[in-house]
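First comes the structure, then the notes that go with it.
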Amino acid sequence: MKTTKTTAAAREFAAAARAAGWQISTRDNVVTITKHFTPGSREQFVALDGEYYGILSMVKARGGSMWGTDGSGVGGYSAMLHGCFTMNVSGVSPSFIAAL
């Protein structure tokens, strides 16, 4: 595959996410990162809540949004209960997703 700015950005994102222990998945124009932690651990939840944005901000997206189980809504309760922190970003270009 020819290296373009998009493929280089996708590789950089994937390397950073995996190095930090996040799992990556895609569907349509959405990139999802997931990381498990000890259910009920406020310390681990807060660490992940502070970590995800820097990683997901590396994803090339236009006109989409970011959502998931962060501390800004009811999703955070679910994350704390189940020990699974998941964040999504939509509006991701097909070429970025293909490069992953």
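To the nearest 0.5 Å, atom CD of residue E51 and atom CD of residue Q44 are 11.5 Å apart. Here the CG atom belonging to L56 is positioned 5.0 Å from the CE atom belonging to M66, to the nearest 0.5 angstrom. We find the CD1-CE distance between I33 and M58 to be 11.0 Å, quoted to the nearest 0.5 Å. To the nearest 0.5 angstrom, L48 atom CG is 11.0 Å from M87 atom CE. The structure places OH of Y52 at 12.5 Å from OG1 of T86, a figure rounded to the nearest 0.5 Å.
Placement of W67 and L81 in two distinct hydrophobic clusters is found when ILVMFWY residues are connected by side-chain heavy-atom separations under 4.5 Å, directly or transitively. Transitive grouping of hydrophobic side chains (ILVMFWY, heavy atoms separated by less than 4.5 Å) keeps W22 and V30 in distinct clusters.
Residues that satisfy the side-chain contact (heavy atoms from CB on, under 4.5 Å) test with R27, not counting sequence neighbours, are absent from this structure.
Residues I97 and N29 come closest through the heavy atom pair CD1-CA, 3.6 Å. Residues T34 and C84 share a closest heavy-atom pair of CG2-SG, 3.5 Å. Of all non-hydrogen atoms in I24 and A17, the two that sit nearest each other are CD1-CB, 3.8 Å. Residue G75 comes nearest to T69 through the heavy atom pair O-CB, 3.3 Å, listed as atom of the first residue, atom of the second, then distance. Residues S90 and A61 approach most closely at O-CB, 3.5 Å, considering heavy atoms. Across all non-hydrogen atoms, the minimal contact from S41 to M80 is O-SD, 3.9 Å.
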One pair to check against side-chain contact (heavy atoms from CB on, under 4.5 Å): F13 and L100. What are the steps and the verdict?
CA-CA 9 Å; F13 158 72; L100 290 175; 3.7 Å; yes
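Here the side chain of K35 pairs a donor or acceptor atom with the backbone of A20 at under 3.5 angstrom.
Residue pairs satisfying the ring pair (Phe, Tyr, Trp, His ring centres under 6.0 Å) criterion with at least one member in residues 26-48, sequence neighbours excluded, are listed as follows: F45-F85.
In this structure, a donor-acceptor pair under 3.5 Å is present between the side chains of N88 and T32.
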